[in-house]
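Read the structure below first, then the notes.
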Amino acid sequence: MSARSPFYITTAIPYANGAPHIGHAYERIAADAIARFKRLDSFDVLFVTGMDEHGQKMQRTAAREGETPQQLADRTAAQFAAMGAALFAGADDVVRTTQTRHHAAARELWARMAAAGDIYLSKYPGWYSVRDEAFFDENELIEGPGGTRLAPTGAPVEWVEEESYYFKLSAYRDRLLKLYRDSPDFVTPEKYRNEIVAFVERGLTDLSISRSTFDWGIPVPGDARHVMYVWVDALANYITATGFPDPKALRGKFWPASAHVIGKDITRFHAVYWPAFLISAKLALPRQIVVHGFLFNRNEKMSKSVGNVIDPLELARHYGADQLRYFLLREVPFGQDGAYSHEAIVNRINADLANDLGNLAQRSLSMIAANCEGKMPAPSHFSDADLAILDAADALLGKARIAMQSFALHGALADIWHVVGDANRYFAAEQPWVKRKTDFARMETIIYVTAEVLRKIAILSQPFMPIAMAKLLDLLQIAQEHRDFEHIGWKGAPGRPLPTPAPVFPRYVELEETVRIGDLAEAIIVPGVSREAKRAD
RNA sequence: AGCGGAGUAGCUCAGGGGUAGAGCAAAGGUCUCAUAAUCCUUGUGUCGGGGGUUCGAGUCCCCCCUCCGCUACCA
């Protein structure tokens, strides 16, 4: 028996400056689905997220809220933890940049880059506001009276040069280009790889990596006047999680990471700065930077009928966590931008989940309850139609692996749901409710085949909808140890007793009341799903 | 401006020389095992515009139009 291969996947680390939004939820769900898929596929998985809790904005926001930066960080970290729990996308570890272990890792990374001769002290020029005690970008400035430049706060700014440590990024142009050449999928999708290559080809300038105008950060080794600027600090959290720099850390085997899942806005930091830092520090490079797009709410009707539910927790509560996960992962081609709307979510819930999969399970399992004494029937002779649908289901694991290999989560779901459609056609064509009266053994075979297809579909869909698929597998009485991909070819034991089936995915029913109420809180608290569930009792 | 994507059925998109496709939405019908579900049937596409190569072009070449992305210190 060979040891299971390690697979280390991360999300980006959100800035602890504000509450989670749907973009955070999307990234967490996607990374969680990939992690779950790999885990079910016998990989030794480490799934890590984190919090970026340093920086001037943290200090400012905390001051405005009348709390310390650490209190603000704690508060925000709790919100993200709640989000992870609500989405069933909790990570194995959350690396917070204020943690001691992270300070140790970041300082060691810095020390190694310095030892490599890649860090030097120079001046960082910029527009500085004395009143705000802050630097501002050229494009952040506003025009004041007489054409003078002002900070966004209206404070006057002056051109000053701040002492700063620099990283010799300019020296890494060719090594980075070689990386992109040797590992063409280091940055994926290709669109973002091309942008990065073009960017690096234009040439790189050195990178300012410390600040001395604020102190909420990790002190620079050997120069406590400076704290690390965001780049080294935040990116280092990925190696912190593996126990770096302890050479005997149990998680050491997880570095280099298999995949850093990030939003398209921070591609450069992960695809350019991060590998350059690692090369400098003589550490192994992550296997892939996986870039996803943004989500936009393209439909104002959403707020009309449901309330303005853009808080991911409210979305999960309203539609169901699994339903939200399915929608986001199925509707948006992973890597591209996507749109979400109430109509689109309801459509996916009702068409794909309730009508196609949920109803297929309910109608077939109901026949077992009604006609087979609640026990899984045994098949007799398999017809060509039986074998065709079983083959289609058996082919899914291979297809899903291929899709997931290129992070086409939507593609994996599309493949699976194609078989869901086939299974519905199969069931309708074979008419087990007619065979019940004419050929009972044939009916038993049809139901057995359908249940087998459902089992395979449920196993493969677990990464995307963990709770609902667990329910379905419970209905099929598949033991926990038989739910991973290794056992997808395992045939459930005929004759096993099954519980009375209950719908796995209720239909989403629009409530007239929600539209009329107009009060957001009321609309969210009385969602259609719970009413539908009550009605089903 | 430079570089790079994209423009195909109402919507989202697939197809990269040989009689225009899928899913959803819409309309009609069937069945009754099932969650007012399933299943069957149905469509007008100037395939962004124009020109060219070819027996034949969403598919290759040229020009144009429109939209989008990237062109460094934003966490």
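What you see is a predicted model, and the numbers here were worked out from it, not measured in a lab. In what follows, chains are A, B, ... by sequence order, proteins preceding strands, each numbered from 1.
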Phosphate OP1/OP2 of B:A75 contacted by A:Y229 side-chain N/O (<4.0 Å):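 Yes, within the criterion.
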Any A:R507 side-chain nitrogen or oxygen under 4.0 Å from OP1 or OP2 of B:A37: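 True: A:R507 side-chain N/O within range (under 4.0 Å) of B:A37 OP1/OP2.
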Rounded interatomic separation in angstrom, taking [atom1] from [X] and [atom2] from [N]:
| X | N | atom1 | atom2 | value |
| --- | --- | --- | --- | --- |
| A:L413 | B:A22 | CG | C1' | 17 Å |
| A:F199 | B:G5 | CZ | C1' | 19 Å |
| A:W433 | B:C33 | CH2 | P | 9 Å |
| A:L353 | B:A37 | CG | P | 15 Å |

Whole-Å C1' distance, B:G58 and B:A9: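 Going atom to atom, C1' in each nucleotide, I get 14 Å.
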C1'-based separation of B:G16 from B:U59 [nearest Å]: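 About 5 Å, rounded to a whole number of Å.
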Residues that [X] engages under side-chain contact (heavy atoms from CB on, under 4.5 Å), provided they are two or more places apart:
| X | answer |
| --- | --- |
| A:S366 | A:Q362, A:P501 |
| A:A271 | A:V187, A:I196, A:T267 |
| A:A91 | A:F47, A:T49 |

Protein and nucleotides 24-26 of chain B: nitrogen or oxygen contacts under 3.5 angstrom:
unit_1	atom_1	unit_2	atom_2	d
B:C24	O2'	A:N347	ND2	2.7

A:D74 side chain to A:Q70 side chain, donor-acceptor N/O pair below 3.5 angstrom: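 Yes, A:Q70 and A:D74 have a side-chain donor paired with an acceptor closer than 3.5 Å.
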Base-pairing string, 5' to 3', of RNA chain B - Watson-Crick or wobble, under 3.5 Å, | interstrand: ((((((((.[[[[.)..(..]]]].((((.........)))).....[[[[[..)....]]]]])))))))....
Heteroatom pairs (N/O) under 3.5 angstrom, protein to nucleotides 11-16 of chain B:
none

Syn/anti label of B:G28 as read from its glycosidic torsion, with the cut at 90° from 0: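 Anti.
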Conformer about C1'-N of B:G7 - syn within 90° of 0, anti elsewhere: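 Anti for B:G7; the angle lies over 90° from 0.
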Non-neighbouring partners of [X] that pass ring pair (Phe, Tyr, Trp, His ring centres under 6.0 Å), sequence neighbours left out:
| X | answer |
| --- | --- |
| A:H54 | A:H103, A:W216 |
| A:H21 | A:H24 |
| A:F464 | none |

Residue list, salt bridge (Lys or Arg N to Asp or Glu O under 4.0 Å) with A:D422, at least two apart or on another chain: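 If we apply the salt bridge (Lys or Arg N to Asp or Glu O under 4.0 Å) test to A:D422, skipping adjacent residues, the hits are A:R425.
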Pairs involving residues 189-200 of chain A, ordered by first then second residue, that meet side chain to side chain donor-acceptor pair (under 3.5 Å) (sequence neighbours left out):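 Counting only pairs at least two positions apart or across chains, no side chain to side chain donor-acceptor pair (under 3.5 Å) contact touches residues 189-200 of chain A.
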Any donor-acceptor N/O pair, A:N371 side chain to A:M367 backbone, under 3.5 Å: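 Such a contact is found between A:N371 side chain and A:M367 backbone.
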Any pair counted as salt bridge (charged side-chain N to carboxylate O under 4.0 Å, His left out), so long as it reaches residues 437-453 of chain A, sequence neighbours left out: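 Checked against salt bridge (charged side-chain N to carboxylate O under 4.0 Å, His left out) - neighbours excluded - the pairs reaching residues 437-453 of chain A are A:D386-A:R442, A:E430-A:R442, A:E452-A:R455, A:E452-A:K456.
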5'-most by nearest nucleotide on RNA chain B - A:F427 or A:S208: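 Taking each residue's closest nucleotide, the earlier one in sequence belongs to A:F427.
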A:L109 CG to A:L278 CG distance, which is reported to the nearest 0.5 Å: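 One gets 6.5 Å once the value is rounded to the nearest 0.5 Å.
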Sugar-phosphate only, base, or nothing, as touched by A:D233 at under 4.0 Å among non-hydrogen atoms: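 No contact.
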